[in-house]
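Everything quoted here is computed from the prediction, not taken from an experiment.
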Amino acid sequence: MLVSMASKRFTELVGCDVPIQLAGMGGVGTIELAAAVAHAGGLGMVPISLVRDDQSTLRAARRIHPAIGVNVLVVFLERDVVERVALDARVLEFFYDDPDPTLVAIAHEAGALACWQVGSSDEARRAVDAGCDLIVAQGVEAGGHVRGVTPLVELLPEVRDAVDVPVVAAGGISTRAAVQRALEAGADAVRVGTRFVVANESGAHPEYAAALCAAEGDATILTTAFGVFWPDAPHRVLRSAIDAAGDLAPDAPVAKLGDLDIPRWASLPPSEGVDGRIDAMALYAGTGVREVTRRESAAAIVHDLMG
């Protein structure tokens with residue numbers, strides 16, 4: 001059991017049993033997935049877009065499994081929404097902008113913990129100076145949008161040396177061996193995304209999940225290609241998605257979600273309910289995708305990762 005390898009700083013702080021944090025995963029994260037991870041002993045996370053207009057499902061889930069937090073993309077910040085959601089979150093995790101003490105204060109005033117996901121040791125120091133209770137050190141191997149350029153094996157010790165709060169390792173972690181390496185390197189916990197995209201409780205389109213399970217070898221690429229709605233922001237996707245989107249007509253929508261046309265190169269990943277060329281959408285994936293081979297429950301994933 002890998003729990004014995006980890007310090008208790010993370011689990012005791014956030015109120016969970018095992019040192020695993022679910023990535024927020026905008027577009028495919030669900031309340032059901034976050035609750036399942038929390039029920040299995042980890043820290044469940046939901047993207048703020050999921051609870052922007054209705055926090056009742058988050059509130060209900062936390063009454064059963066309190067260790068559920070909310071991920072906030074600061075580049076799309078709606079401060080009034082953050083203030084409301086903070087009241088029902090165990091953790092507010094901020095990402096993709098300079099650490100802001102006023103946002104940290106919103107979390108603390110609502111009784112939530114404040115976390116910042118960083119790509120460098122300097123950003124980690126600034127996050128702690130802003131008052132953050134914990135840090136996510138995101139290596140360049142991570143799927144989705146990527147803040148830094150440093151491999152996790154180099155970034156993790158740099159961040160651990162720079163701050164005195166719990167540090168969560170993120171980027172390319174999808175197996176028990178990867179969890180073990182991160183914990184042995186000094187991480188207090190790990191943050192896992194890609195493997196949970198294929199969980200039964202995920203909101204990912206079935207074709208997206210199938211593409212992740214079929215990926216082998218060097219299947220991902222760091223790019224800025226899927227920049228419609230979020231330009232000039234590096235992100236890691238399956239190489240196959242770049243190839244498929246490149247073959248489409250420039251002005252034709254790649255897919256539809258209800259009445260919404262999704263243009264080619266949109267930053268939206270394919271969720272359930274999307275109809276169209278799923279293979280040509282933003283199929284976010286970390287480098288650990290080569291170890292993702294099947295769909296299963298979130299609980300089974302947590303148990304497998306922890307041994």
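- You'll find the ring centres of Tyr96 and Trp230 inside the 6.0 Å limit.
- One distance of note links CD of Glu141 with OG1 of Thr150; it measures 9.5 Å at 0.5 Å rounding.
- Around the CG atom of Asp80, the shell of radius 6.0 Å holds more than 12 heavy atoms that belong to other residues, nucleotides or ligands.
- Contact check for Leu33 versus Met25: side-chain heavy atoms found under the 4.5 Å cut-off.
- Residues Met45 and Val85 do not share a hydrophobic cluster, defined by chaining ILVMFWY side chains whose heavy atoms lie under 4.5 Å apart.
- When ring centroids are compared, His145 and Phe95 stay outside the 6.0 Å threshold.
- Asp97 is not listed as a side-chain neighbour of Val75, based on a closest heavy-atom distance of 4.5 Å or more.
- Within the 4.5 Å cutoff, the side chain of Gln21 has heavy atoms near those of the Val136 side chain.
- Look at Glu78 and Arg84 and you find no salt bridge, because none of the NZ, NE, NH1 or NH2 atoms lies under 4.0 Å from a carboxylate O.
- A salt bridge does not link Arg62 with Asp88: every distance from a Lys NZ or Arg NE/NH1/NH2 to an Asp or Glu carboxylate oxygen is 4.0 Å or more.
- Across all non-hydrogen atoms, the minimal contact from Pro99 to Ala130 is CB-CB, 4.3 Å.
- Side-chain atoms of Arg147 and Ser120 include no donor-acceptor pair closer than 3.5 Å.
- Salt bridge status for Arg239 with Asp218: present, with a side-chain N to carboxylate O gap under 4.0 Å.
- In this structure, Arg79 places its CZ atom where more than 12 heavy-atom neighbours from other residues, nucleotides or ligands lie under 6.0 Å away.
- Partners of Asp247 according to the salt bridge (charged side-chain N to carboxylate O under 4.0 Å, His left out) rule, which considers only residues two or more places apart in sequence or in another chain, do not exist here.
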How far apart are the C-alpha atoms of Asp232 and Thr224, what are their side-chain angles, what is the distance that settles it, and do they pass the side-chain contact (heavy atoms from CB on, under 4.5 Å) test?
CA-CA 6 Å; Asp232 304 317; Thr224 57; 5.6 Å; no
Could you go through the side-chain contact (heavy atoms from CB on, under 4.5 Å) check for Tyr208 and Val198 one step at a time?
CA-CA 8 Å; Tyr208 178 14; Val198 305; over 6 Å; no
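- One hydrophobic cluster, built from ILVMFWY side chains closer than 4.5 Å, cannot hold both Phe10 and Val192; they sit in different ones.
- A salt bridge links Asp304 with Arg195: the distance from a Lys NZ or Arg NE/NH1/NH2 to an Asp or Glu carboxylate oxygen falls below 4.0 Å.
- The residues Asp133 and Arg9 are annotated as not salt-bridged, no charged nitrogen and carboxylate oxygen being separated by less than 4.0 angstrom.
- Proximity of a side-chain donor or acceptor of Thr194 to a complementary backbone N or O of Gly286 within less than 3.5 Å is detected.
- Counting only distance, with no hydrogens or angles, the side chain of His303 and the backbone of Ala299 share a donor-acceptor pair below 3.5 Å.
- With a 4.5 Å cut-off on side-chain heavy atoms, Asn71 and Val46 do not count as touching.
- Met306 places a side-chain heavy atom less than 4.5 Å from the side chain of Ile20.
- Here the side chain of Asp188 pairs a donor or acceptor atom with the backbone of Val167 at under 3.5 angstrom.
- Using a distance-only test at 3.5 Å, with no hydrogens or angles considered, a donor-acceptor pair links the side chain of Arg264 to the main chain of Ala245.
- For Glu201 and Arg295, the salt-bridge test fails: no basic side-chain N is under 4.0 Å from an acidic carboxylate O.
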